[in-house]
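Below you'll find the structure, written out as structure tokens, and then a few comments.
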Amino acid sequence: MSQEKAFQASSSSVIGEASADSADGLWVGKIADKVLAEFPDQELYTCAAGISPSGIVHFGNFRDVATSYAVVCELRARGKKARFLFSWDNYDRFRKVPVGVDPSFSRYIGMPLTSVPDPEGQFPSYARRFEAEFEESMKDLGITLDYRYQTQEYQSGRYTDKIAFALQNRAQAAEIQLQFKTDKGNQEKGIDPETFRQTYFPVTVYSRFSGTDKVQVLSYDGGTKLTYRCLMTDKVEQIDFRETPVVKLPWKLDWAMRWGEEQVHFEPSGKDHMTPGGSFDVNAAFAREMFGRKPPVPQMYEFVGIQGVKGGKMSGSKGGAISPAMLLEIYEPTLLKWLYMRRSPMQSFNLAFDTEVYRQYDEFDREVASFQRGEASPARQKILQFSGVTQTDPAPLAFKQAVALGQITQWQPEKLRELAEKSEIPCSAASIAARLPKAQAWLTRYNPEEIIALRDGPNADYAAGLDDKRRAQIAALSAFLKGDVTSIPALDETLYSIPKDPALTDKETKVAQRGFFKDVYNLLIGKDAGPRLSTFLWAIDRAKVLALLAI
RNA sequence: GACCUCGUAGCUCAGCUGGUAGAGCAUCUGACUUUUAAUCAGGGGGUCGCGGGUUCAAAUCCCGCCGAGGUCACCA
């Protein structure tokens, strides 16, 4: 992009005008335009994301990563060097005990997340437990992040000078804070601007007596010494935070400091941060007025919804939080990335655990197919590529079929493959291997009511309602199954021919066939419909079937 | 109180910088000696939340209103 165009691209805080480089109209192109306009000619572009590991990192937080990831991909596609920085805000305080965690953990409230033990005792800390799961998922998704652990960064002393700087300018910091507080809010909270100015210290101190941030800062010596009172023990001490790194900047300053420290050019955030007067605005003011640096290009994103999660089945202990790892149980990595990146961050969408998943897989498969035929528009093509789809991805097994056929083959890939071949369903072995476990998890963990199970014994109630003619049809089927069934098509033909009668018209024959299928389904699985009968009968245990058909 | 998003076919949604309303599913019809949780072709179905405005032209831009959801003003 030329300088001239870059300047035209806009300086508003929302997505800018389209330019030649974003001719495809894709949201990510517009963001990239904006980044390049705000920060032209950088050696290295830094896109950031960050999460506080205060509990299960849920699927909504993943939008932070997905959005930034798309911008990284776009910048690289334009020949820029870009890195993807991810901050674990694990030096944040433990705020509340989540549902499912031992209530006694309330004694850790106020401590850094890295000082709270793992409730299950498996990980070095509370924070690490959730970080580890998330990092594992990012690996599965093929997203490489440059991780920063804020506890380490703070304790290493890396930020000491910045903390001192903030303290030295605490009057200005107080002023900036006040700028964004409303009179009404001040009244409600009993904040008096004058006292605030005098008592405000822009730091959080983790008491060396209690380990918590329930601390009152008493004085600052202008260098690196700070005196505080631990409110839990009422003890007072002076520390030199250069040697005793227990001091942290509060969020509304911390963020701005890190933008400068890491040279961040783009960072998305949820609307909790982006609301006017919210933490982005405050940090942007700190960045400009105190650190003398532009804030990164922001992008607000809408939250992601979830549907089809049945009550108790979910990890109810964790208050129903859904992590990317859980999503990856049922979504292929490429599909999941595609779902997050295909729409503008401002567009909300739903992830699903119910039959909606069928639609998402189908839509994705069609999209990939059109891409592979070279028919996808540049914008759609780009998103697919960012998601990791390639020209040579093997033919997919429809998810619906993975579920249906998976069940009747006891989830054995080789058997399914054989069945697919015999039934002339085209799909690759690779896709079977990838999707079968997802289909199994989807069905057994989240949609057990969809399971097709052979009855334990004959359906006597249903059989009682059958007349002689229909009983005869069932008997004919049994007889056929006792013999040598050579192929699925042969079985198929027999199934259709059994109810046929020269006396019936075509229409009547169809009705008779439908009735016959219904009878068989009811006898076998107690439902009016099921998987295609020929395939089903071919695959399932013959002796069991014969027992169920013996009425 | 401020701000944000959404409101387009029965359902889920596309519609980028304005130019005669789109897709998938569902439904209906038909084809395949086969109305099966696996095929194919075709059809029907929308006053684009409501009311103004700008324009030769608005689902698309502007203003107002209604409805749904959300965020902040504590902390992060």
Side-chain angles (χ1 to χ4, degrees), chain A residues 14-19 22-27 29-30 50-52 54 89 91-96 110 113 180-191 204 213 248 250-252 254-255 269-282 300-303 305 307 342-350 352 355-356 358-360 362-363 366-367 377-380 397-398 400-401 403-405 407 420 423-427 450 452 489 492-497 499-500 506-507 509-511 513-518 520-521 525 527-537:
Chain A
V14 194
I15 292 175
E17 310 291 323
S19 79
S22 58
D24 55 30
L26 202 58
W27 62 269
K30 295 178 187 179
I51 295 171
S52 180
S54 55
D89 293 328
Y91 204 40
D92 290 357
R93 75 196 297 266
F94 181 59
R95 286 194 292 162
K96 61 176 180 192
L113 291 165
F180 290 94
K181 292 188 191 292
T182 59
D183 291 346
K184 200 181 164 194
N186 287 344
Q187 268 175 20
E188 282 172 9
K189 299 292 161 192
I191 296 173
T204 297
D213 65 349
K248 174 188 178 302
W251 173 243
K252 284 184 177 173
D254 180 55
W255 205 13
S269 39
K271 45 191 184 177
D272 49 341
H273 296 302
M274 291 304 293
T275 295
S279 61
F280 181 83
D281 278 358
V282 178
M300 178 159 80
Y301 52 81
E302 269 291 333
F303 293 151
Q307 63 175 257
R342 63 193 289 225
R343 300 222 177 100
S344 139
M346 285 311 291
Q347 184 98 39
S348 64
F349 68 96
N350 278 357
T355 50
E356 177 72 5
Y358 287 153
R359 221 197 84 250
Q360 290 170 320
D362 287 349
E363 198 177 343
R366 271 198 305 277
E367 190 81 359
S377 69
R380 291 160 60 193
L397 168 67
K400 207 174 191 173
Q401 290 188 19
V403 171
L405 301 183
Q407 292 186 72
S423 313
E424 292 170 1
I425 296 170
C427 62
E450 302 275 329
I452 296 162
D492 212 23
E493 202 177 319
T494 306
L495 284 164
Y496 280 99
S497 66
K500 274 188 186 171
D506 282 1
K507 269 244 149 58
T509 302
K510 289 181 176 179
V511 172
Q513 287 168 333
R514 188 166 51 176
F516 173 60
F517 291 133
K518 188 179 150 195
V520 177
Y521 286 125
I525 61 175
K527 293 182 183 180
D528 285 346
R532 191 174 172 80
L533 264 187
S534 52
T535 321
F536 192 44
L537 289 172

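Reckoned from all heavy atoms, side chains included, excluding hydrogens, waters and symmetry mates.
- Of all nucleotides present, only B/G43 satisfies the Watson-Crick or G-U wobble test against B/U27, with each distance under 3.5 Å.
- Between A/K248 atom NZ and B/C75 atom C1' there is a gap of 10 Å when expressed in whole angstrom units.
- Here the rule is side chain to side chain contact (heavy atoms under 4.5 Å, CB included) with A/R342, and of A/Q347, A/E367, A/E363 only A/E363 fits it.
- A gap of 38 Å separates the P atoms of B/C28 and B/G67, to the nearest Å.
- In this structure, A/D213 places its CG atom 18 Å from P of B/C74, rounding to the nearest Å.
- If you check the side chains of A/D492 and A/S534, you find a donor sitting under 3.5 Å from an acceptor.
- At the heavy-atom level, A/I452 lies under 4.0 Å from base atoms of the strands shown.
- Remark: the separation of the C1' atoms in B/G7 and B/C48 is 10 Å, to the nearest Å.
- Distances from the side chain of A/H273 to the nucleotides B/C74, B/A76, B/C13 place B/A76 closest.
- A/D492 comes within 4.0 angstrom of a base, heavy atoms only.
- The same atom, P, is picked in B/C3 and in B/U20; the two are 35 Å apart, to the nearest Å.
- Comparing B/A41 with B/C32, their C1' atoms are spaced 11 Å from each other, to the whole Å.
- The separation of B/A14 from B/A23, taken at their P atoms, amounts to 16 Å, rounded to a whole angstrom.
- In this entry the distance linking CG of A/D254 with C1' of B/A76 reads 10 Å, nearest Å.
- One interatomic measurement links the two molecules: CG of A/N350 to P of B/C6, which rounds to 15 Å at whole-angstrom precision.
- Within 4.0 Å of A/S534, counting heavy atoms only, lies at least one base atom of the nucleic acid.
- B/C16: no Watson-Crick or G-U partner with both key distances under 3.5 Å is found in any strand.
- Atom C1' of nucleotide B/C25 and atom CD of A/E363 are separated by 10 Å, given to the nearest angstrom.
- Taking the six-membered ring where tryptophan is involved, the planes of A/H273 and A/W255 are tilted, since the angle between them lies from 30° to 60°.
- Set against B/C16, B/C74, B/A76, the side chain of A/K181 has B/C74 as its closest nucleotide.
- Across all strands shown, B/U35 forms no Watson-Crick or G-U wobble pair with both key distances under 3.5 Å.
- Using atom P as the reference point in both B/G45 and B/G22, the two lie 13 Å apart (nearest Å).
- Straight-line distance between the C1' atoms of B/G52 and B/A68: roughly 23 Å, to the nearest whole Å.
- As judged by a 4.0 angstrom heavy-atom cut-off over every strand, A/Y521 is placed among the base-contacting residues.
- Ionic pairing of A/D362 and A/K400 is not present here: no N-O contact between side-chain nitrogen and carboxylate oxygen is shorter than 4.0 angstrom.
- At whole-Å resolution of the value, CE in A/M346 and P in B/U5 are 5 Å apart.
- Taken from CZ in A/F280 to OG1 in A/T275, the straight-line distance is 12.5 Å, to the nearest 0.5 Å.
- Counting all heavy atoms, side chain and backbone alike, A/Y358 lies closest to A/V403 at OH-CG1, 3.8 Å.
- Under the 6.0 Å distance and 45° angle rule, A/K271 counts as a cation-pi partner of A/F303.
- Taking atom CZ of residue A/R514 and atom P of nucleotide B/U34, one finds them 15 Å apart after rounding to whole Å.
- Spacing of P atoms, B/U8 relative to B/G15, comes out at 14 Å, to the nearest Å.
- Put simply, CE on A/M274 is 16 Å from P on B/C3, counting in whole angstrom units.
- Across all strands shown, the partner of B/C50 is B/G64, judged by Watson-Crick or G-U wobble contacts whose two distances both fall under 3.5 Å.
- Among B/C3, B/C4, B/U71, the nucleotide with an atom closest to any side-chain atom of A/F303 is B/U71.
- The side chain of A/R95 lies closest to B/C75 when the candidates are B/C4, B/C75, B/A37.
- Here A/Q401 lies in heavy-atom contact (under 4.0 Å) with sugar-phosphate atoms only.
- Contact between the side-chain N/O atoms of A/R366 and the OP1/OP2 oxygens of B/G24 is not found at any separation under 4.0 Å.
- Of the side-chain N and O atoms in A/Q347, none sit less than 4.0 angstrom from OP1 or OP2 of B/U5.
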